[in-house]
Amino acid sequence: MITLYSGPLSLFSRKVEIALTEKGLAFQRIVVPFNQTTGYDPRHPEVLALNPKRQVPVLTDCGLVLYDSTVINEYLDEAYPEPKLMPDTPVERARCRLDELYGDEILFQALKPLMHRTEPPSPDRDRRIAQEADALIAEEGLLRHYDVLEQKLAGRPFFGGRLSLADISLFMGVLFIRRLGGPSLDGYPGLAEWYARLKLRPAFAQVVAEMAEADRRLSFPVAMRQGRSA
């Protein structure tokens with residue numbers, strides 16, 4: 001049995017969950033404790049024992065221990081090759097890896113200034129104002145990333161010839177932007193259609209629903225902080 005140590009609001013753990021479900025793989029999910037005040041502390045002892053990075057996701061399979069969502073998902077695609085989540089040719093796989101990196105390293109870094117919106121508000125008024133000012137600046141940058149993604153899609157249903165690990169990574173980035181009250185997809189028809197299409201797939205829909213429920217239990221309401229619907 002595959003075991004995955006996951007977090008209720010962990011973007012990178014949910015990436016792995018989507019890949020596992022898209023492949024129809026049975027797995028045991030261990031959800032580690034998390035709250036918006038202390039995060040993952042105290043950290044799960046098995047995660048500490050298995051991952052020197054001290055964080056989820058961690059996946060074990062037949063004695064193999066893996067961490068880092070990209071390493072895990074590429075392993076899953078090689079070990080359990082149907083359905084494929086990586087393209088067939090070296091050039092296409094390289095492009096897929098770059099698109100996944102865009103989601104994991106570029107889009108995720110750009111959305112981080114919005115993450116305070118689900119945390120309890122700081123008691124320091126000046127800090128709250130500064131945080132939201134930084135978030136509004138970040139939103140302008142996120143629109144530029146939407147431009148890039150719209151151009152990359154170029155009217156195609158997926159970022160490659162078929163659903164790939166790149167789509168999973170980029171979907172999670174856009175999902176986090178939206179759940180954090182970031183810019184809508186209005187004016188980006190290709191990106192909006194791609195996002196809506198993926199949300200209808202069972203693996204993606206399950207993650208969207210579970211994260212919404214986790215936000216209801218664990219997060220400060222974004223709409224209350226902004227005074228508008230997220």
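A quick note: this is a predicted structure, and the numbers were derived from the prediction, not measured.
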Participant: Is Val65 close to Val58 at the side-chain level, that is, under 4.5 Å between some pair of heavy atoms?
Facilitator: yes
Participant: Using ring pair (Phe, Tyr, Trp, His ring centres under 6.0 Å) as the criterion, list what pairs up with Tyr188, not counting sequence neighbours.
Facilitator: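 Partners of Tyr188 under the ring pair (Phe, Tyr, Trp, His ring centres under 6.0 Å) test: Tyr146.
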Participant: Listed by chain and number, what are the ring pair (Phe, Tyr, Trp, His ring centres under 6.0 Å) partners of Phe204, not counting sequence neighbours?
Facilitator: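 Checked Phe204 against ring pair (Phe, Tyr, Trp, His ring centres under 6.0 Å); matches are Phe171.
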Participant: Could you see if Leu59 belongs to whatever hydrophobic cluster contains Ile18? Use Ile, Leu, Val, Met, Phe, Trp, Tyr and a side-chain cutoff under 4.5 Å.
Facilitator: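 No, separate clusters.
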Participant: Determine which pairs satisfy ring-ring contact (aromatic ring centres under 6.0 Å, His included) with at least one residue from residues 121-145, sequence neighbours left out, and list them in order.
Facilitator: Tyr102-His145
Participant: Quick one, Leu175 and Leu11 - any side-chain contact, counting heavy atoms below 4.5 Å?
Facilitator: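 No; the side chains remain at least 4.5 Å from each other.
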Participant: Mind checking what makes salt bridge (Lys or Arg N to Asp or Glu O under 4.0 Å) contact with Arg93, not counting sequence neighbours?
Facilitator: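 Expected list: none.
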Participant: For Arg156, is the CZ atom crowded, meaning more than 12 foreign heavy atoms sit under 6.0 Å from it?
Facilitator: yes
Participant: What is the distance from atom OG1 of Thr3 to atom CD of Glu46, rounded to the nearest 0.5 Å?
Facilitator: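 Atom-to-atom, Thr3:OG1 and Glu46:CD are 9.0 Å apart.
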Participant: Rounded to the nearest 0.5 Å, how far does OG1 of Thr60 lie from CE of Met1?
Facilitator: 10.5 Å
Participant: Using a cut-off of 6.0 Å, state whether more than 12 heavy atoms not belonging to Arg217 lie near its atom CZ.
Facilitator: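 For Arg217, atom CZ is crowded (more than 12 foreign heavy atoms under 6.0 Å).
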Participant: Under a 4.5 Å cut-off applied to non-hydrogen side-chain atoms, are Phe159 and Leu153 in contact?
Facilitator: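 Phe159 vs Leu153: side chains touch.
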Participant: Given side-chain contact (heavy atoms from CB on, under 4.5 Å), test Asp68 with Asn51 step by step and report yes or no.
Facilitator: CA-CA 9 Å; Asp68 185 272; Asn51 183 0; over 6 Å; no
Participant: For the hydrophobic clusters of this structure (ILVMFWY residues joined by side-chain heavy atoms under 4.5 Å, transitively), does one cluster hold both Leu200 and Val207?
Facilitator: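 Cluster IDs for Leu200 and Val207 differ.
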Participant: Return the orientation label for the Tyr5 and His44 ring planes: parallel under 30°, perpendicular over 60°, tilted otherwise.
Facilitator: perpendicular
Participant: Restricting to non-hydrogen atoms, name the atom on Lys15 and the atom on Ser69 that form the minimum distance, rounded to 0.1 Å.
Facilitator: NZ-OG, 2.9 Å
Participant: Heavy atoms, side chains only, cut-off 4.5 Å: are His116 and Arg127 in contact?
Facilitator: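 They are not in contact (no side-chain heavy atoms under 4.5 Å apart), so the answer is no.
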Participant: Examine distances only and state if a side-chain atom of Thr38 and a backbone atom of Asp41 form a donor-acceptor pair shorter than 3.5 Å.
Facilitator: yes
Participant: Counting N and O atoms only, with roles assigned by atom type, does the side chain of Arg179 sit under 3.5 Å from a partner on the main chain of Ala212, one being a donor and the other an acceptor?
Facilitator: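 Checked: no pair found.
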Participant: Not counting sequence neighbours, which residues clear salt bridge (Lys or Arg N to Asp or Glu O under 4.0 Å) with Arg162? List them please.
Facilitator: Asp88
Participant: Assess whether side-chain contact (heavy atoms from CB on, under 4.5 Å) is satisfied between Leu198 and Phe158, documenting all intermediate values.
Facilitator: CA-CA 9 Å; Leu198 290 189; Phe158 303 109; 3.8 Å; yes
Participant: Mind checking ring pair (Phe, Tyr, Trp, His ring centres under 6.0 Å) for Phe176 and listing every partner two or more places apart, or none if nothing turns up?
Facilitator: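 Per chain and number, Phe176 pairs via ring pair (Phe, Tyr, Trp, His ring centres under 6.0 Å) with no residue.
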Participant: Mind checking what makes side-chain hydrogen bond (donor to acceptor under 3.5 Å, both in side chains) contact with Glu78, not counting sequence neighbours?
Facilitator: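 Scan of Glu78 (side-chain hydrogen bond (donor to acceptor under 3.5 Å, both in side chains), adjacent residues dropped) gives none.
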Participant: Go through the steps to decide whether Phe108 and Phe12 satisfy the test ring-ring contact (aromatic ring centres under 6.0 Å, His included), and finish with yes or no.
Facilitator: CA-CA 10 Å; Phe108 179 66; Phe12 297 104; 5.1 Å; yes
Participant: Could you go through Asp104 and Thr70, starting from their C-alpha distance and side-chain angles, then the distance that decides it, and tell me whether this counts as side chain to side chain donor-acceptor pair (under 3.5 Å)?
Facilitator: CA-CA 9 Å; Asp104 285 3; Thr70 297; 3.1 Å; yes
Participant: State plainly whether one hydrophobic cluster holds both Leu142 and Val148, where clusters connect Ile, Leu, Val, Met, Phe, Trp and Tyr through side-chain heavy atoms under 4.5 angstrom apart.
Facilitator: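 Leu142 clusters together with Val148.
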Participant: Taking all atoms of both residues into account, what is the closest heavy-atom pair of Leu114 and Gly182, and its distance?
Facilitator: CD2-CA, 3.6 Å
Participant: To the nearest 0.5 Å, how far apart are CG in Asp167 and CZ in Arg201?
Facilitator: 9.0 Å
Participant: Return yes if some donor-acceptor pair links the side-chain N/O of Arg54 with the main-chain N/O of Leu48 below 3.5 Å, else return no.
Facilitator: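 No.
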Participant: Do Leu4 and Ile30 make a side-chain contact, defined as non-hydrogen atoms from C-beta onward lying under 4.5 Å apart?
Facilitator: no
Participant: For the residue pair Leu111 and Gly173, what are the closest heavy atoms and their distance?
Facilitator: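 Between these two residues, the closest heavy atoms are CD2-O, 3.6 Å.
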Participant: Does the side chain of Glu105 pick up a donor-acceptor pair with the side chain of Gln109 at under 3.5 Å?
Facilitator: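 Judged by distance alone, the side chains do not pair up.
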Participant: Taking the side chain from Arg95 and the backbone from Gly160, do they hold a donor-acceptor pair closer than 3.5 Å?
Facilitator: no
Participant: Test of understanding: with side-chain hydrogen bond (donor to acceptor under 3.5 Å, both in side chains), list the residues that count as partners of Asn73, not counting sequence neighbours.
Facilitator: none
Participant: Thinking salt bridges, do Glu100 and Arg97 make one under a 4.0 Å N-O criterion?
Facilitator: no
Participant: Quick check: closest heavy atoms across Ala166 and Cys96, and the distance to 0.1 Å?
Facilitator: CB-O, 3.6 Å
Participant: Report yes if the side chains of Pro83 and Glu22 come closer than 4.5 Å at any heavy-atom pair, otherwise no.
Facilitator: no
Participant: Evaluate the side-chain proximity of Trp194 to Leu170: yes if any heavy-atom separation is below 4.5 Å, no if none is.
Facilitator: yes
Participant: Could you tell me whether the side chain of Asp134 and the main chain of Gln131 form a donor-acceptor pair under 3.5 Å?
Facilitator: no
Participant: Which distance, rounded to the nearest 0.5 Å, do you find between the CG of Leu76 and the CD1 of Ile2?
Facilitator: 6.0 Å
Participant: Grouping I, L, V, M, F, W and Y whenever their side-chain heavy atoms are under 4.5 Å apart, do Leu218 and Met115 come out in a common cluster?
Facilitator: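 They do share one cluster, since a chain of ILVMFWY contacts under 4.5 Å joins Leu218 to Met115.
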Participant: Group every Ile, Leu, Val, Met, Phe, Trp and Tyr by side-chain heavy-atom contacts under 4.5 Å, then state whether Leu163 and Leu191 land in the same group.
Facilitator: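 Leu163 clusters together with Leu191.
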Participant: Which residues satisfy the side-chain hydrogen bond (donor to acceptor under 3.5 Å, both in side chains) test with Glu17, sequence neighbours excluded?
Facilitator: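 For Glu17 the side-chain hydrogen bond (donor to acceptor under 3.5 Å, both in side chains) partners, ignoring immediate neighbours, are Ser6, Arg14, Arg29.
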Participant: Please enumerate all residues that pass salt bridge (Lys or Arg N to Asp or Glu O under 4.0 Å) together with Arg144, with sequence neighbours excluded.
Facilitator: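 Applying salt bridge (Lys or Arg N to Asp or Glu O under 4.0 Å) to Arg144 gives none.
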Participant: Taking only residues two or more places apart in sequence or in another chain, which ones pass side-chain hydrogen bond (donor to acceptor under 3.5 Å, both in side chains) with Tyr75?
Facilitator: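 Checked Tyr75 against side-chain hydrogen bond (donor to acceptor under 3.5 Å, both in side chains); matches are Asp61.
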Participant: So how far is it from Ile72 CD1 to Leu66 CG, rounded to the nearest 0.5 Å?
Facilitator: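 Between Ile72 CD1 and Leu66 CG, I get 6.0 Å after rounding to 0.5 Å.
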Participant: Check whether Lys23 reaches the backbone of Tyr80 with its side chain - one donor and one acceptor, N or O, closer than 3.5 Å.
Facilitator: yes
Participant: Is there a side-chain contact between Met86 and Ser164 in this structure, where contact means two heavy atoms from C-beta onward sitting under 4.5 Å apart?
Facilitator: no
Participant: Does Glu92 CD have over 12 foreign heavy atoms under 6.0 Å away?
Facilitator: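 Enclosed.
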Participant: Could you check whether any side-chain N or O of Ser219 sits under 3.5 Å from a backbone N or O of Pro221, counting only pairs where one atom can act as donor and the other as acceptor?
Facilitator: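 Between the backbone of Pro221 and the side chain of Ser219 there is no qualifying donor-acceptor contact (under 3.5 Å).
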Participant: Mind checking the CG-CG spacing from Asp77 to Leu85? Nearest 0.5 Å is all I need.
Facilitator: 5.0 Å
Participant: Please list, chain by chain and in numerical order, all residues satisfying salt bridge (Lys or Arg N to Asp or Glu O under 4.0 Å) with Asp124, sequence neighbours excluded.
Facilitator: none
Participant: So, Asp126 and Arg128, do they make that salt bridge, N to O below 4.0 Å?
Facilitator: no
Participant: Can you list the steps and then say if Leu9 with Phe34 is a side-chain contact (heavy atoms from CB on, under 4.5 Å)?
Facilitator: CA-CA 8 Å; Leu9 292 171; Phe34 171 84; 4.0 Å; yes
